[in-house]
Amino acid sequence: MSDPRIVTVRPAPGEYAWTFGGAPPIARVSPGTALDLFTEDCFAGNVRSEKDLVSEVCEFPFLNPQTGPFYVEGAEPGDTVAVHFVSIEPARDWAASTTVPLFGALTSTHSTASLQPPLPEAVWIWQLDRARRTARFTARDGDFEKDLPMDPMHGTVGVAPANLEVRSALVPDAHGGNMDTPEMRAGVTCYLGVNVEGALVSLGDGHARQGEGETCGVAVECAMNTMVIVELLKGVATPWPRLESDTHIMSTGSARPLEDAFRISQLDLVQWLVRDYGFSELDAYQFATQTVESPLANVCDTNYTCVAKLRKEWLPARETHRGLHAHLREVAASLPPGK
């Protein structure tokens with residue numbers, strides 16, 4: 001097995017994308033290319049201390065910068081692009097989290113309006129110990145501290161949407177985008193349906209860790225050094241983003257209200273069982289009902305995201321997505337040390 005071509009990208013401050021669709025590609029890559037990337041945090045690196053309030057140091061809508069997009073040679077509508085996360089490593093020894101007025105699951109928002117005042121802005125700086133793999137929570141209003149295990153992930157990965165749409169990098173939908181699922185960690189392959197020629201893949205929004213649901217709307221946000229391998233499945237359609245790990249297959253759904261996001265993810269999982277695992281539709285519906293795990297990804301973004309997750313060990317011995325995940329795991333293992 002030959003080593004894949006490695007493309008290194010370290011964007012300058014003015015070279016990030018803020019949308020999916022509408023941004024020109026920064027590079028053209030062939031399928032099988034490994035991308036060695038730096039991604040900035042969702043605040044574009046502007047929240048660096050407890051004094052840096054988002055309303056003062058960030059300019060809306062310039063939040064959630066994305067590294068990309070990358071034009072994947074040969075990708076056409078009806079195909080699927082696979083993004084395999086080889087490694088996701090914090091680029092700094094600190095990360096930031098905040099409350100943002102009129103944003104989050106436990107406050108009034110612009111959509112859910114009420115007379116109560118917005119929550120105050122506050123910033124928490126988390127210290128990261130990359131050697132010990134911990135992230136330290138320090139209470140603002142007391143002396144409690146706790147080291148939690150780091151679980152690096154990417155909140156945002158996606159392609160250009162269909163129908164000439166341009167979507168903010170804050171929005172999750174069928175194109176991927178800001179799904180904010182902790183399942184998007186190293187060792188996982190994300191499958192994204194191609195909507196435009198070249199797919200136009202971007203990613204960003206690194207989290208040192210995040211609880212399911214991202215309740216306050218902001219995770220432990222940090223810049224990342226990330227390695228991914230980009231592959232192409234010709235003639236395979238993927239209507240909603242799917243994930244595959246060594247142990248699970250996972251479907252995602254993004255919508256409002258929350259039950260519609262749940263329905264989309266569950267339906268996509270049922271259809272996946274029918275297409276690749278030999279189930280009839282009703283058998284798949286029954287089997288998924290009794291076996292599925294349903295973690296929340298986010299309940300704070302413009303659309304909410306749910307995940308439908310099923311253990312591979314309980315499935316028939318069939319190949320899905322042409323066995324690409326296992327192949328990419330082998331390719332990842334062949335990369336030079338430190339890459």
Side-chain angles (χ1 to χ4, degrees), residues 4-5 7 17-35 37 66-85 154 156-179 181 184 188-204 228-244 249-255 260-261 263-265 267-276 302-303 305 307-308 319-325 327-328:
R5 175 176 177 239
V7 173
W18 305 94
T19 62
F20 287 90
I26 63 170
R28 298 172 73 102
V29 299
S30 59
T33 299
L35 301 177
L37 307 176
Q66 303 298 300
T67 299
F70 296 93
Y71 184 106
V72 182
E73 300 282 1
E76 301 172 301
D79 297 339
T80 290
V81 163
V83 179
H84 179 75
F85 288 87
H154 272 279
T156 307
V157 57
V159 295
N163 302 320
L164 303 178
E165 287 191 356
V166 176
R167 306 299 297 273
S168 163
L170 296 170
V171 177
D173 211 314
H175 67 284
N178 193 31
M179 295 178 284
T181 171
M184 200 79 71
V188 166
T189 303
C190 178
Y191 301 106
L192 299 159
V194 176
N195 302 303
V196 303
E197 185 178 301
L200 302 181
V201 177
S202 300
L203 68 154
V228 299
I229 304 169
V230 178
E231 257 298 356
L232 179 63
L233 285 168
K234 293 294 295 180
V236 176
T238 302
W240 285 89
R242 292 176 175 176
L243 310 180
E244 183 178 358
I249 63 171
M250 295 167 266
S251 292
T252 71
S254 298
D260 281 353
R263 290 183 181 113
I264 291 167
S265 64
L267 175 61
D268 188 74
L269 184 66
V270 167
Q271 292 174 335
W272 193 349
L273 295 179
V274 171
R275 189 189 76 178
D276 289 358
T302 309
N303 286 326
T305 302
V307 174
E319 187 177 84
T320 184
H321 292 90
R322 298 175 184 164
L324 189 55
H325 173 74
H327 168 70
L328 291 174

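Note: hydrogens, waters and symmetry copies are ignored here, and every other heavy atom, side chains too, is used.
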> Taking only residues two or more places apart in sequence, or in another chain, which ones meet Glu319 in a side chain to side chain donor-acceptor pair (under 3.5 Å)?
Replying inline: none

> What heavy-atom pair brings Pro161 and Gly21 nearest, and what distance separates the two atoms?
Replying inline: CD-N, 3.8 Å

>> One pair to check against side chain to side chain contact (heavy atoms under 4.5 Å, CB included): Asp173 and Arg167. What are the steps and the verdict?
In response: CA-CA 9 Å; Asp173 211 314; Arg167 306 299 297 273; 3.1 Å; yes

> When rounded to the nearest 0.5 angstrom, what is the spacing between SG in Cys190 and CE in Met184?
Replying inline: 4.0 Å

>> How long is the straight-line distance from NZ of Lys234 back to CG of Asp79, given to the nearest 0.5 Å?
In response: 3.5 Å

>> Any heavy-atom pair between the side chains of Val236 and Arg275 that's under 4.5 Å?
In response: yes

>> On a heavy-atom basis, which atom in Val307 and which in Thr252 lie closest, and how many Å separate them?
In response: CG2-CG2, 4.3 Å

> Once you round to the nearest 0.5 Å, how far does CH2 of Trp240 lie from OG of Ser254?
Replying inline: 5.5 Å

>> Give me the atom names and distance for the closest heavy-atom approach of Pro31 to Val72.
In response: CG-CG1, 4.3 Å

> Hey, what do you get for CG (Asn195) to CG (Asn163), rounding to the nearest 0.5 Å?
Replying inline: 8.0 Å

> Given side chains that start at C-beta, do those of Ile249 and Leu273 come closer than 4.5 Å, heavy atoms only?
Replying inline: yes

> If you take all heavy atoms of Gly253 and Ile264, which pair is closest and at what distance?
Replying inline: CA-CG2, 3.5 Å

>> For Thr33 and Ile229: C-alpha separation, side-chain torsions, deciding distance, then whether side chain to side chain contact (heavy atoms under 4.5 Å, CB included) applies.
In response: CA-CA 6 Å; Thr33 299; Ile229 304 169; over 6 Å; no

> Between Thr320 and Trp272, is any pair of side-chain heavy atoms under 4.5 Å apart?
Replying inline: yes

>> Looking at Pro172, is its backbone amide N or carbonyl O close enough to the side chain of Asn303 to form a donor-acceptor pair, meaning the two atoms are under 3.5 Å apart?
In response: yes

> Which heavy-atom pair separates Val81 from Ala199 by the least distance, and what is that distance?
Replying inline: CG2-CB, 3.6 Å

> Closest heavy-atom contact between Pro69 and Ala23?
Replying inline: CG-O, 3.5 Å

>> Tell me whether Arg242 forms a cation-pi arrangement with Tyr191, defined as NZ or CZ under 6.0 Å from the six-membered ring centre and within 45 degrees of its axis.
In response: no

>> I want to check something: taking the side chain as every heavy atom from C-beta on, are Tyr71 and Leu200 in contact at a cut-off of under 4.5 Å?
In response: yes

> Got a second to check how far Ser202's OG is from Ile26's CD1, nearest 0.5 Å?
Replying inline: 7.5 Å

> Got a second to check how far Leu192's CG is from Thr80's OG1, nearest 0.5 Å?
Replying inline: 8.0 Å

>> Could you tell me if the side chain of Asp268 sits less than 4.5 Å from the side chain of Pro239, heavy atoms only?
In response: yes

>> Any side-chain to backbone donor/acceptor pair from Gln66 onto Gly204? Under 3.5 Å, distance only.
In response: yes

>> Checking ring pair (Phe, Tyr, Trp, His ring centres under 6.0 Å) between His84 and each of His325, His321, His327, which is the one that passes?
In response: His325

> With a 4.5 Å limit on heavy-atom distance, are the side chains of Pro241 and Leu243 in contact?
Replying inline: no

> Given side chains that start at C-beta, do those of Val83 and Leu203 come closer than 4.5 Å, heavy atoms only?
Replying inline: no

> Are side-chain heavy atoms of Val29 and Leu35 found at a separation under 4.5 Å?
Replying inline: yes

